[in-house]
Amino acid sequence: MTTISVIETAKTNLAETRLIESAAAPLIEGEARLRVERFAITANNVTYGVVGDRIGYWRFFPASEDGWGVIPVWGTAVVEESASADLLVGERLYGYLPMASHLTIRPASVKPARLFDGAAHRADLPPVYNGYSRLTAEPGYDKAGDEERMILWPLYATSFCLYDFFLDNDWFGAEQVIVGSASSKTAVGTAYAFRADPNASRLIGLTSPGNVGAVTASGLYNQVVAYDDMEAQIADAPSAIIDMSGSGAVVGRLHKMLGENMRYTSMVGLTHYSEAGMGPDFISDRSAMFFAPGHIQKRAKDWGPGVFDGKAMEFFSGAAAKSRDWLEIRRATGASETQTAWGEVLAGKTPPAAAWTAALCL
């Protein structure tokens with residue numbers, strides 16, 4: 001009998017976790033059970049927890065009782081049991097998974113390279129999260145790149161969406177784009193995309209004083225500024241803001257400083273999630289939360305099926321190759337180590353150049 005292990009998180013206190021174990025239910029015709037091989041834990045997953053009720057992230061993988069949730073993660077899985085004619089035991093998939101040892105899905109819209117989970121409770125959730133890549137069908141697939149992909153793809157996909165969103169809006173008329181939490185991986189990916197376009201706005205990276213040297217050395221930003229020095233070093237010019245930090249204090253200071261020159265703020269991540277909450281200087285009518293799946297759906301309508309995916313994968317391949325020079329992968333195995341890794345990421349103790357992958361199955 002298969003034992004299912006799931007790490008649940010208290011919705012009101014993301015630092016509180018517990019391990020729930022139960023016997024696997026028999027598969028129903030059309031279902032398949034995946035054994036989760038390994039998944040990434042990054043600040044992206046913290047965002048899923050912080051805005052879980054607002055955007056619906058808690059709904060993907062329901063917890064055992066109210067007040068608790070299962071953090072979604074990106075990773076690889078292998079088909080361990082199957083009652084579906086479309087999915088054979090042993091096939092490997094990449095996609096959206098629970099922080100758990102197993103996931104039961106109902107394969108739908110099955111194509112040679114991709115399939116979707118047709119489970120009823122996921123039907124009205126964003127399609128980008130319900131799709132799974134069939135790894136062995138990918139041209140040139142190399143298993144050695146799995147961890148790099150689970151760490152960077154979700155982040156760099158958002159990075160590419162941000163670049164394309166700003167391009168589509170003619171940079172919002174900004175002469176400079178200010179990127180908060182500039183050392184974060186999503187910010188680095190965004191900088192890769194902006195700097196590859198000679199027509200993009202000038203890029204300013206905002207970071208903590210201790211990260212100024214490393215962010216400057218990366219060469220990705222036209223200017224690097226410490227949070228404490230914003231008023232003194234950032235020009236009062238037409239500006240847009242991409243905020244990865246979620247720090248209301250930082251965004252409020254920028255809005256107050258720039259005034260009418262603050263053309264648009266795109267709020268993306270929550271690396272400083274404990275500081276979230278915008279103050280009286282926040283300009284709400286020129287600010288909005290950025291939701292990458294919404295942009296992907298827009299581009300699918302603009303360009304037709306598969307075009308955006310191809311452009312994003314081309315960008316990812318180049319950006320991931322550049323990232324190999326600095327990315328440090330840390331590995332956790334088993335529930336206890338996974339919970340420790342989650343706590344470290346949640347507390348902001350993982351250095352910007354490092355990232356965790358984890359596996360509950362020993």
Is [X] linked to [Y] within one hydrophobic cluster, defined over Ile, Leu, Val, Met, Phe, Trp and Tyr using a side-chain heavy-atom separation of less than 4.5 Å?
{"X": "Leu87", "Y": "Leu27", "result": "no"}
{"X": "Val51", "Y": "Ile71", "result": "yes"}
{"X": "Phe116", "Y": "Val128", "result": "no"}

Just verifying a value: how many Å separate [X] [atom1] and [Y] [atom2], rounded to the nearest 0.5 Å?
{"X": "Ile241", "Y": "Leu254", "atom1": "CD1", "atom2": "CG", "answer": "4.5 Å"}
{"X": "Leu162", "Y": "Thr190", "atom1": "CG", "atom2": "OG1", "answer": "4.5 Å"}
{"X": "Ile4", "Y": "Ser22", "atom1": "CD1", "atom2": "OG", "answer": "6.0 Å"}
{"X": "Leu19", "Y": "Leu360", "atom1": "CG", "atom2": "CG", "answer": "7.0 Å"}
{"X": "Lys301", "Y": "Ile296", "atom1": "NZ", "atom2": "CD1", "answer": "13.5 Å"}
{"X": "Leu125", "Y": "His121", "atom1": "CG", "atom2": "NE2", "answer": "7.5 Å"}

Once salt bridge (Lys or Arg N to Asp or Glu O under 4.0 Å) is applied, do any residues pair with [X], and if so which ones, sequence neighbours excluded?
{"X": "Glu328", "result": "Arg330"}
{"X": "Arg59", "result": "Asp124"}
{"X": "Glu337", "result": "none"}
{"X": "Glu65", "result": "Arg18"}

Under the ring-ring contact (aromatic ring centres under 6.0 Å, His included) test against Phe165, which residue among Phe172, Phe291, Phe160 passes? Phe172
Can a donor-acceptor pair be found, under 3.5 Å and without considering hydrogens, that links the side chain of [X] to the backbone of [Y]?
{"X": "Gln176", "Y": "Ala235", "result": "yes"}
{"X": "Thr207", "Y": "Val212", "result": "no"}
{"X": "Thr104", "Y": "Arg33", "result": "no"}
{"X": "Asn222", "Y": "Leu203", "result": "yes"}
{"X": "Asn13", "Y": "Ala15", "result": "yes"}
{"X": "Ser101", "Y": "Ser5", "result": "yes"}
{"X": "Glu31", "Y": "Ile28", "result": "yes"}
{"X": "Asp243", "Y": "Val179", "result": "no"}
{"X": "Ser133", "Y": "Leu135", "result": "no"}
{"X": "Arg38", "Y": "Ala332", "result": "yes"}

With Tyr57, which residues qualify under ring-ring contact (aromatic ring centres under 6.0 Å, His included), at least two apart? Tyr48, Tyr129
Is there a side-chain contact between [X] and [Y], using heavy atoms and a 4.5 Å cut-off?
{"X": "Tyr132", "Y": "Pro107", "answer": "no"}
{"X": "Val188", "Y": "Leu220", "answer": "yes"}
{"X": "Leu152", "Y": "Ser323", "answer": "yes"}
{"X": "Asn45", "Y": "Phe39", "answer": "no"}
{"X": "Pro126", "Y": "Phe60", "answer": "yes"}
{"X": "Val177", "Y": "Ile204", "answer": "no"}

Using the six-membered ring wherever Trp is involved, compare the ring planes of Phe194 and Tyr163 and label them parallel, tilted or perpendicular (cut-offs 30° and 60°). perpendicular
Audit row: Arg202, Glu175, salt bridge (Lys or Arg N to Asp or Glu O under 4.0 Å) steps and yes/no: CA-CA 6 Å; Arg202 182 171 180 268; Glu175 295 175 8; over 6 Å; no
Please step through side-chain hydrogen bond (donor to acceptor under 3.5 Å, both in side chains) for the pair Thr2 and His102, ending with a clear verdict. CA-CA 9 Å; Thr2 300; His102 294 79; 5.2 Å; no
What residue pairs, at least two apart or across chains, pass salt bridge (charged side-chain N to carboxylate O under 4.0 Å, His left out) with a residue in residues 207-233? Glu231-Arg253
Within residues 182-200 or reaching into it, pairs that qualify as salt bridge (charged side-chain N to carboxylate O under 4.0 Å, His left out) - sequence neighbours excluded: none
Would the number of heavy atoms belonging to other residues, nucleotides or ligands and lying under 6.0 Å from NZ of Lys11 be above 12? yes
How would you list, by chain and number, every residue that makes a side chain to side chain contact (heavy atoms under 4.5 Å, CB included) with Ile329, sequence neighbours excluded? Glu147, Ile151, Leu327, Arg331, Thr357
Applying side chain to side chain contact (heavy atoms under 4.5 Å, CB included), can you list everything that pairs with Val345, at least two apart in sequence or on another chain? Ile41, Val46, Thr350, Trp356
Which atom pairs, one a donor and one an acceptor, fall under 3.5 Å between side chains of residues 308-316 and the rest of the protein, sequence neighbours left out?
none

Could you pull out every donor-acceptor pair under 3.5 Å between side chains of residues 91-99 and any protein atom, sequence neighbours left out?
residue	atom	partner	partner atom	Å
Glu91	OE1	Arg134	NH2	3.0
Glu91	OE2	Arg134	NE	2.6
Glu91	OE2	Arg134	NH2	3.4
Arg92	NE	Glu37	OE1	3.2
Arg92	NE	Glu37	OE2	3.2
Arg92	NH1	Tyr141	OH	2.6
Arg92	NH2	Glu37	OE1	3.0
Arg92	NH2	Asp146	OD2	2.7
Tyr94	OH	Arg149	O	3.4

Test item: side-chain donor near acceptor, Ser247 and Tyr227, under 3.5 Å: no
Take Thr9 and Glu16 through the test side-chain hydrogen bond (donor to acceptor under 3.5 Å, both in side chains) and record every step on the way to the result. CA-CA 6 Å; Thr9 303; Glu16 183 181 353; over 6 Å; no
Salt-bridge contact Asp117-Arg106 (side-chain N to carboxylate O under 4.0 Å): no
Taking it one step at a time, do Ser208 and Asn211 satisfy side-chain hydrogen bond (donor to acceptor under 3.5 Å, both in side chains)? CA-CA 5 Å; Ser208 61; Asn211 286 333; 3.2 Å; yes
Per the side-chain hydrogen bond (donor to acceptor under 3.5 Å, both in side chains) rule, what does the pair list look like for residues 283-296, sequence neighbours excluded? Asp164-His295
How about Phe290 and Phe166: are their ring centres within less than 6.0 Å of each other? no
